[in-house]
Structure formats: C-alpha cells, structure tokens
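For reference, the structure discussed in these notes is given below.
Counting from 1, the numbers follow the sequence of the chain as shown. For ligands, and for the atoms within them, numbers begin at 1 and follow the listed sequence.
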Amino acid sequence: MPLQFSNTCSRKVEEFEPRDPTARPIKMYTCGPTVYSRAHIGNFRAYVFEDLLQRHLELRGYKVHRVMNITDVDDKTIRGAREANVPLAKFTEQFKQAFFEDAKTLRIKRADEFPCATDQRYIDRMIEMISTLISKGLAYHADDKSVYFRIDKFPDYGRLAHFDLTQLQSTGRVKHDEYDKEHVGDFALWKASDEEDGDVKWDSPWGAGRPGWHIECSAMSTALLGDQIDIHCGGVDNIFPHHEAEIAQSEGVTGKKFVRYWLHCAHLLVDGQKMAKSLGNFYTVPDVLAKGYTGRELRYALVRVHYRVPLNFTWEGMNEARESLARIDEWLARLREVAGKANAEGTTTSPQRPITAFENALDDDLNISAALGFLFESIRETNRAMDQNEMDAHSAGAWLDWWKRINIVLDLESEAEMRIPAEVTKLAQQRENARHEKNWKRSDELREQISALGWDVRDAKDGPKLTRRSGSH
Ligand code: AMP
Ligand code: ZN
C-alpha cells in the first residue's frame, strides 16, 4: 500500500506525493501554541500526532523540514499581559519555556524552526502581504482604521471547511465591532491600535496597530518555507476560520496553491467534551506528572488512538498506558537476556512479517491502532517462543533490531534503558579528545571499550551520540 493520508481539503484519503519528488525535504507547517498560558494536554495531542507524522515520514526515508510557529501576540496574550501588568514579551516568555519543557517531557521532536509572530522580520512580511492583498482588491482599509480581507473576492473561500458562504450572509451583522466590515465573514488582517492594546503596536501604512492571528501564520510559513508547502497540520478547531483564512491570504498573495495536504487531528475530550482552557476541564503536563505518571506514559496515552478519532482522557486510560509500557519493557528485557547468551539454543522466529505490518499500518493514514496491534501480537508470539526456549540469540537480536526501528517512530523506550552510565559518558569524552588529537588508534580502542559495555557510539554533526546496542542489557 502506498503512503496515504486523509486530506481535509478533499475529504479523501490520498496517496502522498510530495511537491518535489526529488530528494529535497518535505515542507511541513504546524500551528503552534498561543502562549497566553501553559498548553494543556489537549494541545499536546495535536503536537504528538504531528510528531508521529514527522517520524513516520522520516522512517520512510523522507527528509522533513518542519516549522512550528509560536503565537506570541493576539487578543489573549495581550489581555493576559495587561491583567498581569507586565510587558507582553515578559508575559509570553514563561509560557514559551513551559511549552518547550513539556514538549521535551513528551519526547516530541523539536521542529527545525520556531518563529515567533512578534519578530520584526515577520511583522514586516505581514505588512508586505497585507499591502499586496489591498493592491489586488482582496483587502480594504475600513473606517475603523483596521484592514480586512474581502472574502467575496476570493471565490475559493470555504473550500477547506466545505462551508457555504450564503449561510454566513444570512446571519447578518451579529456584533457591533463588526460594523465597519463589508461582509460579516471578512476577517481582520491588521487591527488598528486601541487603548486596550497599550504599547503593543507596530507602525504600518495604515497607522499603528497589530496583526490579526491568521496573517501571522501565512507570513511565517511563506517566509520560511516558500509559497507552497507539502503538509499543514493542526487540530480540527483550526480548520475554520484559521486555516481557511490562511489559504485565502497566502493564495491571494502568491496566486499559487498554498498546501498540498491538510491534516487535522480530532480533539482530546474530557467526559465527551473538548478539553479546553475556556471550559476549565483541562490538565497540563505537570498536572499529569504530579499524579505520578511519566512523560512516556502520557505520550503513549496520547499517541495510541488514531489521530482522526476523538480520544477521551481518563486516569484509567493512563493506567492502561502504564500497563502496556510495562509489557513492552518486560519483553525487551527478556529479549536482551536471550540475545546476550552466546550460542543459546532454540529455533529462529523471524520478525519479517511484523516489520512490514507495522510500517504498512502507519502508511495507511497513520493507523497507529493497527500498528500497535501488530506490536502486541508479536510480543505475545515471541514471549511464547521464549517460554518454550524456542528463541535463539540471533533471533532475539533481530527482534531487538526491529524494536529499534519501530521505536524511531514510537520513542517509547523506558528512561532506565536510555540512561547512559557515567562510565560510558567518560569513555566517550576521552574518545572525543583522542579524535581531536587525531589519535585514531586510541579512539578505536575507546570505541571497543564502550562497545564492551553495551553501547554504540556514532559521530553526528553536533557531536558523538550514544545508543544502547541491541542484544545488551
Ligand atoms: P491554540 O494554542 O489554542 O492555538 O491551540 C494549539 C493547537 O492545539 C491547535 O492545533 C489546536 O487545534 C489544538 N487543540 C486545542 N485543543 C485541543 C484538544 N482538546 N484536542 C486536540 N487538539 C487541541
Ligand atoms: Zn496557524
């Protein structure tokens, strides 16, 4: 089966064909956190899904260039800073740091770039894009001094959300602050500065003001990834109006198709309702850790259900995650023991079938439930073989290699397994020094010593990387 994803735009499962079929990286943009408070685990469901997507693409041999923006200026951040009586940048900084900390706890791979909307480079880009939209008649400077996108002039508006514009018209003007708009669905590109914004404002051809939320993402994605990108993700609540508006703005400026594949994850729920800050029914990563769970357990609990299926968060679910991981840990420990025994007797059970089954399941629109099903089926079978002493050291090593490969995507190895002993770190440091002195003989000796302790050392661009060798425990 080819690699395929469900594209929100077509509402169909489509074969994945990157924009550039040569070896150049896939361009992926993911809407990041709005840093007005600590992100909750509902937000992290979206980020964990995006992490799974990136890792699977990489497992399939693609290089991925991923940008995740940080929304550090919008209505909520400004309100928060005002209430806390601190400058906006100071207010948002604490939540940016918290976000990176929590993402690390959940083992989410860092994006290549984390642009912040308040960076002058992107503010300039937003102003440039808005000017182009005005010159093309796609935006207008209203009497209230704000600039709005004119949705009537963009016939494709509503394509992503499958939204009928006439419905919008029939609602009429619903709020007095929409008074200056030509159409109730027109959205703000540039908001004229008002008292409540305090000193949060930038100069523009339309007077002092600040950007609307939607233009921030169009500016940051086109500035860093160019006019056209392969994959754009977010939670389903981003589809309308945010992503719809992004399409209108970006395509309005460039005249080119903005995104090839739109992928959206369903919500994390609590008692059947969306987990949301506004409903007060949320938990943060530290809340979950405070209950005695680990980041790995939470990662598993968030990743194990298909991204397009709503997932109800419960403590029971956390306990199930804990049990599943314990089974994986025990299985790996047994395999390592068997693999470590020289010339252990037994017959070979080949991991050939699950190798392809796991990856093929993920090829099918990231069908993680099926992929994990194969993992646990394999665990059952191999445990049975080990119970009956029917597994030789070579096969156990092959299973461990298989785990190593699928763990590139899952990243669920236990902390204890990943902890590098001080002795190994010291030897790796000595080897690094030997390499600097070009003493290759000594460097090789040290590699062997590290290897004898059960670790592999690989020289990456940013320094040596240590990984536990399969077959050692
Ligand atoms: P925000 O910080 O509100 O802009 O949201 C950041 C990301 O989290 C977006 O992609 C949202 O769609 C996503 N998100 C928000 N709430 C949930 C939830 N309960 N479940 C899954 N994703 C969510
Ligand atoms: Zn966005």
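- Considering backbone and side-chain atoms alike, Lys76 places every N or O at 3.5 Å or more from each N or O of ligand 1.
- Using a 4.0 Å heavy-atom cutoff, Lys277 is absent from the residues neighbouring ligand 1.
- A 4.5 Å side-chain heavy-atom check between Leu372 and Tyr300 finds at least one atom pair inside the cut-off.
- When only interatomic distances are considered, the shortest N/O to N/O separation between Trp213 and ligand 1 does not fall below 3.5 Å.
- For ligand 1, the atoms closer than 4.0 angstrom to any heavy atom of Gly234 are 10 (O).
- Here the shortest heavy-atom distance to atom 17 (C) of ligand 1, taken over His267, Gln273, Glu50, Arg45, belongs to His267.
- Counting only non-hydrogen atoms, the option in Ala276, Gly42, Cys233 that gets closest to atom 23 (C) of ligand 1 is Gly42.
- Between His214 and His242, the angle of the ring planes lies from 30° to 60°, which puts this pair in the tilted group.
- Using bins of under 30°, 30° to 60° and over 60° for the plane-to-plane angle, the ring pair Trp331/Trp402 lands in the perpendicular bin.
- Residue Gly235 has at least one nitrogen or oxygen atom sitting less than 3.5 Å from a nitrogen or oxygen atom of ligand 1, judged on distance alone.
- With hydrogens and angles disregarded, no donor-acceptor distance shorter than 3.5 Å links the side chain of Arg299 to the backbone of Val48.
- Ligand 1 has a nitrogen or oxygen under 3.5 angstrom from a nitrogen or oxygen of Met275.
- At least one N, O or S atom of Cys217, from either the backbone or the side chain, sits less than 2.8 Å from the Zn ion (ligand 2).
- Protein heavy atom nearest atom 20 (N) of ligand 1, with residue, atom name and distance: Leu268 N, 2.7 Å.
- In terms of protein heavy atoms, atom 9 (C) of ligand 1 is closest to Asn238 OD1, 3.3 Å.
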Q) Can you check side-chain contact (heavy atoms from CB on, under 4.5 Å) on Glu216 and Tyr122, steps first, answer last? A) CA-CA 8 Å; Glu216 295 179 8; Tyr122 304 119; over 6 Å; no

Output, in order, the C-alpha distance, side-chain angles, deciding distance and verdict of side chain to side chain donor-acceptor pair (under 3.5 Å) for Glu93 and Gln97. CA-CA 6 Å; Glu93 184 55 31; Gln97 290 317 318; 2.6 Å; yes

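- Considering only non-hydrogen protein atoms, atom 11 (C) of ligand 1 sits nearest to Asp237 OD1, 3.4 Å.
- Note: Trp315 and Tyr283 have perpendicular aromatic rings, judged against thresholds of 30 and 60 degrees for the angle between ring planes.
- Among protein heavy atoms, the minimum distance from atom 15 (C) of ligand 1 is reached at Asn43 ND2, 3.1 Å.
- Residue contacts to the Zn ion (ligand 2): His214 brings no N, O or S atom closer than 2.8 Å.
- The line from CH2 of Trp206 to CG of Leu189 is 8.5 Å long, rounded to the nearest 0.5 Å.
- Using a distance-only test at 3.5 Å, with no hydrogens or angles considered, no donor-acceptor pair links the side chain of Asp156 to the main chain of Ala248.
- Looking at ligand 1, you'll find an N or O of Thr34 within less than 3.5 Å of one of its N or O atoms.
- Summarising the contacts of atom 7 (C) of ligand 1 with Phe99, Phe313, Tyr47, Phe95, the nearest heavy atom is found in Tyr47.
- A distance-only check finds a donor-acceptor pair linking the side chain of Thr382 to the backbone of Ile379 [under 3.5 Å].
- Lys274 CE, 3.5 Å is the protein heavy atom nearest to atom 16 (N) of ligand 1.
- Taking every heavy atom of His40 and a limit of under 4.0 angstrom, the matching atoms of ligand 1 come to 16 (N).
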Between Asp75 and Tyr36, is the side chain to side chain donor-acceptor pair (under 3.5 Å) condition met? List the steps. CA-CA 9 Å; Asp75 297 347; Tyr36 71 107; over 6 Å; no

